[in-house]
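This report refers to the structure that appears directly beneath it.
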Amino acid sequence: LSVDVWAPPRIQIMTPYINDQVEAGKEYDYEIKLKNTANEAISINPRLGSDMYYGGPYGMMGLGPALTEDEINITSPRSVPAGAMETVKVHVKVPSDARGYYNGYIDLGIDDPSVRDYEGRVHLSFNIWKQPTQPFVKSFSLDEAAPITIAVNSYNYLGYPGGISQKSARIPSFETSLEDPDGKQVDLNVTSTVIKGHVNMGGERPPWEVDSEPIYQENGVQYTVIYRAEGSPGNWTLRVLPGNTQRFEYTITIGG
């Protein structure tokens with residue numbers, strides 16, 4: 001005989017993930033919203049989990065954790081009043097020499113037996129980077145005079161569903177220049193800027209929210225800047241210095 005007795009959690013975690021790209025030497029603030037649906041106050045005691053890991057997309061990479069407990073500060077009330085919403089604040093101070101990844105969690109310490117251990121956690125994922133100072137350089141050639149159209153785009157991911165809010169995302173930017181065969185900078189006119197997003201209705205919903213209104217969640221935004229110049233025969237040089245992004249794509253269209 002196997003019986004699974006289920007009860008909906010009395011505290012709803014409105015921010016189950018904090019996933020962000022952070023820059024070395026800067027500080028960041030995040031908020032975790034907790035909603036108490038019970039008729040009595042429920043105590044909480046948030047603290048960092050001890051079993052963090054620090055691998056990135058290519059494995060462990062032989063690096064230690066990019067952040068320590070001293071660099072992640074949690075400020076929280078001791079309880080969430082009945083029928084109310086409270087905020088747990090998280091302050092992250094990134095050392096100037098930090099690099100790599102930090103993956104861990106905050107155990108909210110919710111005093112509610114209907115919340116299992118792993119359900120009372122907010123997962124943390126930080127990718128630490130440094131702003132480049134030298135531009136990317138790409139050379140190409142024209143056989144004859146023709147218009148040149150250059151598109152530079154970058155994805156600015158906002159995190160997993162329920163992760164960091166859109167207002168905390170930093171918009172990518174590009175310092176773009178183009179040199180003609182004589183080594184002179186030409187007028188590079190911005191013809192358009194395209195903002196493209198990926199939106200869902202909240203993904204999988206817990207049983208107690210199946211009848212609630214859809215919640216729009218924007219998981220990622222793509223920013224594209226399109227430039228145009230008049231080209232002449234010879235070798236050309238494109239330079240792009242990106243800001244607030246770790247990767248970008250470029251497209252060079254000759255003619256048309």
Side-chain angles (χ1 to χ4, degrees), residues 15 17-31 57 94 125-203 214-256:
T15 315
Y17 300 94
I18 297 177
N19 177 53
D20 200 6
Q21 172 181 283
V22 296
E23 187 174 355
K26 294 190 176 182
E27 300 184 23
Y28 300 84
D29 291 292
Y30 307 93
E31 293 184 348
V94 187
S125 179
F126 297 112
N127 182 0
I128 301 172
W129 67 296
K130 284 191 175 183
Q131 178 71 40
T133 58
Q134 298 298 320
F136 165 80
V137 179
K138 176 64 178 179
S139 299
F140 62 97
S141 61
L142 271 67
D143 294 330
E144 59 184 12
I148 301 172
T149 302
I150 298 171
V152 183
N153 67 74
S154 173
Y155 284 95
N156 187 44
Y157 289 101
L158 305 180
Y160 300 110
I164 64 173
S165 63
Q166 183 177 357
K167 67 180 181 181
S168 65
R170 287 158 294 284
I171 298 176
S173 62
F174 310 102
E175 295 181 17
T176 307
S177 64
L178 185 64
E179 290 184 1
D180 65 15
D182 296 326
K184 297 180 180 179
Q185 285 197 13
V186 301
D187 292 332
L188 197 55
N189 301 314
V190 177
T191 61
S192 61
T193 300
V194 180
I195 303 174
K196 182 180 178 180
H198 176 207
V199 180
N200 64 38
M201 299 295 190
I215 300 174
Y216 293 107
Q217 293 177 338
E218 190 168 25
N219 297 338
V221 179
Q222 181 181 6
Y223 294 86
T224 304
V225 182
I226 300 175
Y227 309 86
R228 189 175 177 87
E230 295 300 324
S232 58
N235 296 320
W236 290 70
T237 303
L238 171 68
R239 288 183 171 86
V240 180
L241 180 62
N244 294 330
T245 182
Q246 289 197 22
R247 64 182 63 185
F248 66 91
E249 299 176 350
Y250 68 88
T251 303
I252 301 173
T253 302
I254 300 172

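The basis for the numbers below is simple: all heavy atoms, side chains too, and nothing from hydrogens, waters or symmetry mates.
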Return yes if a side-chain donor-acceptor contact under 3.5 Å exists between S154 and T245, otherwise no.
-> yes

Compare all side-chain heavy atoms of P242 with those of P132 and state whether any distance is below 4.5 angstrom.
-> yes

Shortest non-hydrogen contact between A229 and V186, atoms and distance = CB-CG2, 4.3 Å

Heavy-atom distance under 4.5 Å between the side chains of P181 and S232, does that happen here?
-> yes

Side-chain contact, heavy-atom cut-off 4.5 Å: F136 with L241?
-> no

Sequence neighbours excluded, the answer for ring pair (Phe, Tyr, Trp, His ring centres under 6.0 Å) partners of F174 is none

Intermediate values then yes/no, side-chain contact (heavy atoms from CB on, under 4.5 Å), V152 and T224 | CA-CA 6 Å; V152 183; T224 304; over 6 Å; no

Inter-residue atom distance R228.CZ - I148.CD1, 0.5 Å rounding = 9.5 Å

What are the two closest heavy atoms between I254 and A146, and how far apart are they?
-> CG2-CB, 4.0 Å

Heavy-atom check, side chain of Y223 versus side chain of T193, under 4.5 Å = no

Contact list for residues 129-142, test side chain to side chain donor-acceptor pair (under 3.5 Å), sequence neighbours left out = none

How long is the span from the NZ atom in K184 to the CG atom in L178, to the nearest 0.5 Å?
-> 14.5 Å

Taking atom CG of D182 as the centre, report whether more than 12 heavy atoms of other residues, nucleotides or ligands fall under 6.0 Å from it.
-> yes

How about N127 and Q21: does a side-chain donor come under 3.5 Å of a side-chain acceptor?
-> no

Does some side-chain heavy atom of P135 sit less than 4.5 Å from a side-chain heavy atom of E175?
-> no

Indicate whether any N or O donor in one side chain lies under 3.5 Å from an N or O acceptor in the other, for R239 and S177.
-> no

Taking it one step at a time, do I150 and T251 satisfy side-chain contact (heavy atoms from CB on, under 4.5 Å)?
-> CA-CA 6 Å; I150 298 171; T251 303; over 6 Å; no

Just how far is it from atom CD1 of I128 to atom NZ of K26, taken to the nearest 0.5 Å?
-> 13.5 Å

Stepwise side-chain contact (heavy atoms from CB on, under 4.5 Å) check, V190 with I226 | CA-CA 6 Å; V190 177; I226 300 175; over 6 Å; no

Go through the side-chain N and O atoms of T176 and Y227 and say whether any donor and acceptor fall under 3.5 Å apart.
-> yes

Considering residues at least two apart in sequence or located in another chain, which fulfil the ring pair (Phe, Tyr, Trp, His ring centres under 6.0 Å) criterion with F126?
-> Y30

Yes or no on side-chain contact (heavy atoms from CB on, under 4.5 Å) for V225 and N153, after CA distance, side-chain angles and deciding distance?
-> CA-CA 6 Å; V225 182; N153 67 74; over 6 Å; no

Check: N189 side chain, T191 main-chain N or O, donor-acceptor pair, under 3.5 Å = no

